[in-house]
Asks: 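Sharing a structure, written as structure tokens. Questions coming.
Everything numeric here is computed off the predicted structure, so don't read it as measured data. Below, read A as the first sequence line, B as the second, and so on, with proteins coming before strands; counting in each chain starts at 1.
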Amino acid sequence: EPEVTQTPSHQVTQMGQEVILRCVPISNHLYFYWYRQILGQKVEFLVSFYNNEISEKSEIFDDQFSVERPDGSNFTLKIRSTKLEDSAMYFCASSAELETFTWYNSPLHFGNGTRLTVT
Amino acid sequence: AQSVTQLDSHVSVSEGTPVLLRCNYSSSYSPSLFWYVQHPNKGLQLLLKYTSAATLVKGINGFEAEFKKSETSFHLTKPSAHMSDAAEYFCVVSPPNSGGYQKVTFGTGTKLQVIP
């Protein structure tokens with residue numbers, strides 16, 4: 001069964017450094033998302049992406065964050081200058097199969113996550 | 001606005017006994033509801049989904065959930081717990097008929113412990 005893959009599984013970086021988290025969504029999906037889960041807290045929505053542009057973002061997704069689909073397969077989340085409070089598990093997800101796109105609810109398919117540790 | 005409440009942060013059951021993980025939702029419409037499971041160091045795997053069809057939904061690994069509109073609940077059950085069921089479970093709510101795009105809200109999660 002196709003799956004969402006994320007790399008790396010664990011990233012350690014120093015405060016102020018830039019990080020790029022990478023995701024390969026399911027190939028025939030149309031919508032892409034980033035969520036994060038700070039240790040001990042809820043899974044929170046960051047941003048969604050459709051048709052090569054951001055479709056929605058939360059207040060967490062400030063100017064430090066950006067997303068990109070640089071080619072036909074990768075979907076990246078960049079944090080420009082990391083802060084200690086950016087330490088979290090970051091999940092990529094995708095939804096809506098191209099061939100079966102209907103106005104019914106297409107569930108999110110998640111990757112295994114990237115654990116980001118900012119020191 | 002939508003929200004979901006998972007009433008128990010931890011549930012402990014003995015192997016072979018029933019599992020009940022509770023979830024209540026709040027929504028101004030009839031939402032879509034999902035249960036996801038997260039095993040240690042793994043991603044979020046879809047267990048089952050309710051999208052206004054049958055109110056009793058069967059999922060993978062013997063889990064099922066019943067949508068009860070009158071109680072605004074979507075509790076997850078399994079008749080007999082297995083050691084491999086030990087994980088964290090998330091109840092998730094989404095607006096109905098949102099098409100391919102999902103703006104979901106997660107519950108805080110319930111950690112299930114299975115005692116041999």
Asks: Would you say A:Leu84 ends up clustered with A:Leu39 if hydrophobic residues are merged whenever their side chains have heavy atoms under 4.5 Å apart, either directly or through other cluster members?
Replies: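 Different clusters.
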Asks: Going only through I, L, V, M, F, W and Y residues with side-chain contacts under 4.5 Å, is there a path from B:Leu33 to B:Ile60?
Replies: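 Shared cluster, yes.
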Asks: For chain A, which residues of residues 106-116 of chain B have at least one non-hydrogen atom nearer than 4.5 Å to it?
Replies: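 Result: B:Phe106, B:Gly107, B:Thr108.
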Asks: For the residue pair A:Ser95 and A:Tyr33, confirm or rule out a side-chain donor-acceptor distance under 3.5 Å.
Replies: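 Distance-only check passes for A:Ser95 and A:Tyr33.
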Asks: Contact part of B:Gln38 toward chain A, heavy-atom cut-off under 4.5 Å: side chain, backbone, both or neither?
Replies: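 The side chain, not the backbone.
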Asks: What are the two closest non-hydrogen atoms of B:Ser84 and B:His39, and how far apart are they?
Replies: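 Nearest heavy atoms, B:Ser84 then B:His39: O-NE2, 3.1 Å.
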Asks: For B:Tyr25 and B:Ser73, which heavy atoms make the closest approach, and how far apart are they?
Replies: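 So the two residues come closest at CE2-N, 3.7 Å.
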Asks: How close do B:Val93 and B:Pro31 get, counting heavy atoms only, and between which atoms?
Replies: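 Looks like CG2-CB, 3.5 Å.
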Asks: For the side chain of B:Tyr36 and the backbone of A:Leu108, is there at least one donor-acceptor N/O pair under 3.5 Å apart?
Replies: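 Here the side-chain-to-backbone pair exists.
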Asks: Aromatic rings B:Tyr50 and B:Phe74: how do their planes relate, parallel, tilted or perpendicular, breaks at 30° and 60°?
Replies: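 Rings of B:Tyr50 and B:Phe74: tilted, 30 to 60°.
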Asks: Could you look at B:Val104 and say if it's the side chain, the backbone, both or neither that has a heavy atom under 4.5 Å from chain A?
Replies: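 Both backbone and side chain.
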Asks: Under 4.5 Å, heavy atom to heavy atom: which of residues 74-83 of chain A reach chain B? Give them by number, or say none.
Replies: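 Within residues 74-83 of chain A, near chain B: nothing under 4.5 Å.
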Asks: Which heavy-atom pair separates B:Cys23 from B:Val4 by the least distance, and what is that distance?
Replies: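 In this case the closest contact between B:Cys23 and B:Val4 is SG-CG2, 3.1 Å.
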Asks: Return yes when atom CD of A:Gln14 has more than 12 non-hydrogen atoms of other residues, nucleotides or ligands closer than 6.0 Å, and no otherwise.
Replies: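 Check fails, neighbour count at 12 or below.
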Asks: Check each atom of B:Leu44 against the heavy atoms of chain A and say whether the ones under 4.5 Å are side chain, backbone, both or neither.
Replies: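 Both backbone and side chain.
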Asks: Between B:Asp8 (side chain) and B:Leu21 (backbone), is there a donor-acceptor pair under 3.5 Å?
Replies: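 Side chain of B:Asp8 to backbone of B:Leu21: no pair is present.
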Asks: Quick check on the interface: out of A:Glu44, A:Gln37, A:His10, A:Gln6, who has the most heavy-atom pairs with chain B under 4.5 Å?
Replies: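 Ranked by contacts with chain B, first place is A:Gln37.
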Asks: If every non-hydrogen atom of B:Val13 is compared with every non-hydrogen atom of B:Pro18, which pair is closest and at what distance?
Replies: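 In this case the closest contact between B:Val13 and B:Pro18 is CG1-O, 3.8 Å.
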Asks: Indicate, with yes or no, if A:Val47 and A:Val24 share a hydrophobic cluster defined by side-chain heavy-atom contacts under 4.5 Å among Ile, Leu, Val, Met, Phe, Trp and Tyr.
Replies: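 They do not share one cluster, since no chain of ILVMFWY contacts under 4.5 Å joins A:Val24 to A:Val47.
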Asks: Tell me whether B:Asn24 contacts the main-chain N or O of B:Thr72 through its side chain, where contact means a donor paired with an acceptor under 3.5 Å.
Replies: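 Confirmed, B:Asn24 side chain pairs with B:Thr72 backbone.
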Asks: In terms of heavy-atom pairs under 4.5 Å with chain B, which of A:Ser9, A:Gly40, A:Ser48 leads?
Replies: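 Most heavy-atom pairs within the cutoff with chain B belong to A:Ser48.
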Asks: Name, in order of residue number, those residues of residues 86-93 of chain A that have a heavy atom at a distance of less than 4.5 Å from a heavy atom in chain B; otherwise write 'none'.
Replies: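 Answer by number: A:Phe91.
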Asks: With clusters defined by side-chain heavy atoms of hydrophobic residues (ILVMFWY) lying less than 4.5 Å apart, directly or transitively, does A:Tyr31 cluster with A:Leu46?
Replies: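 They do not share one cluster, since no chain of ILVMFWY contacts under 4.5 Å joins A:Leu46 to A:Tyr31.
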Asks: Looking only at heavy atoms, what is the nearest atom pair of B:Leu56 and B:Glu64, with distance?
Replies: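 So the two residues come closest at CD1-OE2, 3.8 Å.
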Asks: Is there a chain of hydrophobic side chains (I, L, V, M, F, W, Y, each step under 4.5 Å between heavy atoms) that links A:Phe45 to A:Leu21?
Replies: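 Per the 4.5 Å side-chain linkage, A:Phe45 and A:Leu21 are not co-clustered.
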Asks: Strictly less than 4.5 Å between heavy atoms, which residues of residues 53-66 of chain A line up against chain B? Please order them by number.
Replies: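 Residues in range: A:Ser55, A:Glu56.
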Asks: I'd like to know if the side chain of A:Ser94 reaches the main chain of A:Phe32, judged simply by a donor and an acceptor atom lying under 3.5 Å from each other, with no hydrogens or angles considered.
Replies: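 Absent.
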Asks: Do B:Lys78's NZ or CZ and the ring of B:Phe63 fall within the cation-pi criteria of under 6.0 Å and 45°?
Replies: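 Yes, B:Lys78 lies over the aromatic ring of B:Phe63.
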